[in-house]
Amino acid sequence: MLGMVKNSLLSTVEAWPYRLLSKGEKDQVSYEERACEGGRFAAVELVGKAFDEASKEGAVKLLKYVGGSNDKGVGMGMTAPVSITAYPAEDGSFQQKVKVSLRIPSQFQDNPPCPTDESIKIEERQGMTIYSTQFGGYAKEADYISYAAKLQAALGSDAAYRKDFYLCNGYDPPMKPYGRRNEVWFVKE
């Protein structure tokens, strides 16, 4: 636990590498198109719980893993964002299924430590192009749904992206009260 707290407060945070492709704005909604690098990710899937509860539980598990709860007992440093794959239901709310993931820090990409928590899986992911919009505050399910709707309206019908899921991203530790950064990402088809 101490490793997790030290890791999230004192270590530098490595950002998920991406290249900005374009920026846009429509109806006061700013968005970006980015090419995000692939790599290895630690991920945990949670089913049967509400989004806010499941995403918090998954994030804590991943923070413990990068904080030293792994077979090497090594604190790896933090990466951002913590990314939560949400699966929208037909009414726009989220299904009770999420996948919380964190990109493994660069220095551990080639040989990531094995998690001691068996619910955490190490996944190899391809790079992807995304549409992103940003907002502040402590994000909850309703905020992500609201900003996803705004991003969808801003992109209009011309943009082709996955409709069966989208990514809800948080960049800041829970102890940071101001200047928080959250993003909704649609994965381009």
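The model shown is predicted, which means the values in this text are computed figures rather than measured ones.
At a threshold of 4.0 Å, the pair R125-E37 does not count as salt-bridged, since none of the basic side-chain nitrogens sits closer than that to a carboxylate oxygen. For the pair E183 and R34, the salt-bridge criterion is met [side-chain N within less than 4.0 Å of a carboxylate O]. A salt bridge is absent between R40 and E123; no separation between the charged side-chain nitrogens and carboxylate oxygens falls under 4.0 Å.
Looking at Y138 and R180, their side chains come closer than 4.5 Å, going by heavy atoms from C-beta outward. Looking at S83 and R103, their side chains never come closer than 4.5 Å, going by heavy atoms from C-beta outward. Within the 4.5 Å cutoff, the side chain of M78 has heavy atoms near those of the L63 side chain. At least one side-chain heavy atom of I104 sits under 4.5 Å from a side-chain heavy atom of P112.
Identified under the ring pair (Phe, Tyr, Trp, His ring centres under 6.0 Å) test for residues 61-91, with sequence neighbours left out: none. Residue pairs that meet the ring pair (Phe, Tyr, Trp, His ring centres under 6.0 Å) test with at least one member in residues 89-110, sequence neighbours left out, are F51-F94, F94-Y166.
A donor-acceptor contact under 3.5 angstrom links the side chains of S22 and E33, judged on distance only. Side chains of Q134 and S30: no donor on one and acceptor on the other come within 3.5 Å.
Classified by interplanar angle (parallel below 30°, tilted 30° to 60°, perpendicular above 60°), the ring pair W16/W185 is tilted.
Heavy atoms from other residues, nucleotides or ligands lying under 6.0 Å from CD of E189 number more than 12. Counted within 6.0 Å of CD on E25, heavy atoms from surrounding residues, nucleotides or ligands total more than 12; the atom is thus considered enclosed. The 12-atom threshold is exceeded at CD of E124, counting heavy atoms of other residues, nucleotides or ligands nearer than 6.0 Å.
A cation-pi contact, defined as under 6.0 Å to the ring centre and within 45° of the axis, is absent between R162 and F186.
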Can I get a per-line list of side-chain donor-acceptor pairs under 3.5 Å for residues 142-156, giving both atom names and the distance, sequence neighbours left out?
residue: D143; atom: OD2; partner: K140; partner atom: N; Å: 2.8
residue: Y144; atom: OH; partner: N169; partner atom: O; Å: 3.4

